[in-house]
Amino acid sequence: MQIISEIKVNGKWVNQDQLPEEMVAKIVAETICRAGRAVGFETKLKKKTA
C-alpha cells in the first residue's frame, strides 16, 4: 500500500512532494488554525524565525 499526500492548490490537487517545504508548512498551519477557529478556539500563526 502506498499513501500519497496531496494538497489542493489553486483548485488542483498536487502531490505535496512537488511543492516547496515552506509552502506545504504554511498551508498545513493555516488549515489547522481554520479548523481550530471553526470549533471555537482562538488561533494565531507564529512567524518562523531563523
Side-chain angles (χ1 to χ4, degrees):
M1 179 183 285
Q2 182 179 10
I3 298 173
I4 299 171
S5 182
E6 292 187 332
I7 296 176
K8 200 171 207 176
V9 179
N10 297 327
K12 290 187 175 184
W13 288 101
V14 180
N15 188 319
Q16 82 174 30
D17 293 337
Q18 297 173 342
L19 297 171
E21 185 178 330
E22 300 82 23
M23 183 179 197
V24 172
K26 181 180 178 197
I27 292 170
V28 170
E30 288 172 351
T31 302
I32 291 170
C33 284
R34 190 174 9 178
R37 285 190 301 271
V39 296
F41 288 96
E42 183 178 325
T43 64
K44 291 183 185 176
L45 283 177
K46 270 190 170 179
K47 299 249 180 193
K48 196 175 189 181
T49 58

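Just so you know, these numbers use all the heavy atoms, side chains as well, and skip hydrogens, waters and symmetry mates.
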Just how far is it from atom [atom1] of [X] to atom [atom2] of [Y], taken to the nearest 0.5 Å?
{"X": "E30", "Y": "R34", "atom1": "CD", "atom2": "CZ", "value": "7.0 Å"}
{"X": "E21", "Y": "K26", "atom1": "CD", "atom2": "NZ", "value": "15.0 Å"}
{"X": "L19", "Y": "E6", "atom1": "CG", "atom2": "CD", "value": "10.0 Å"}

With a 4.5 Å heavy-atom cut-off, do I27 and V9 have their side chains touching?
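With C-beta onward as the side chain, the pair touches.
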Any V14 side-chain heavy atom under 4.5 Å of I7 side chain
no
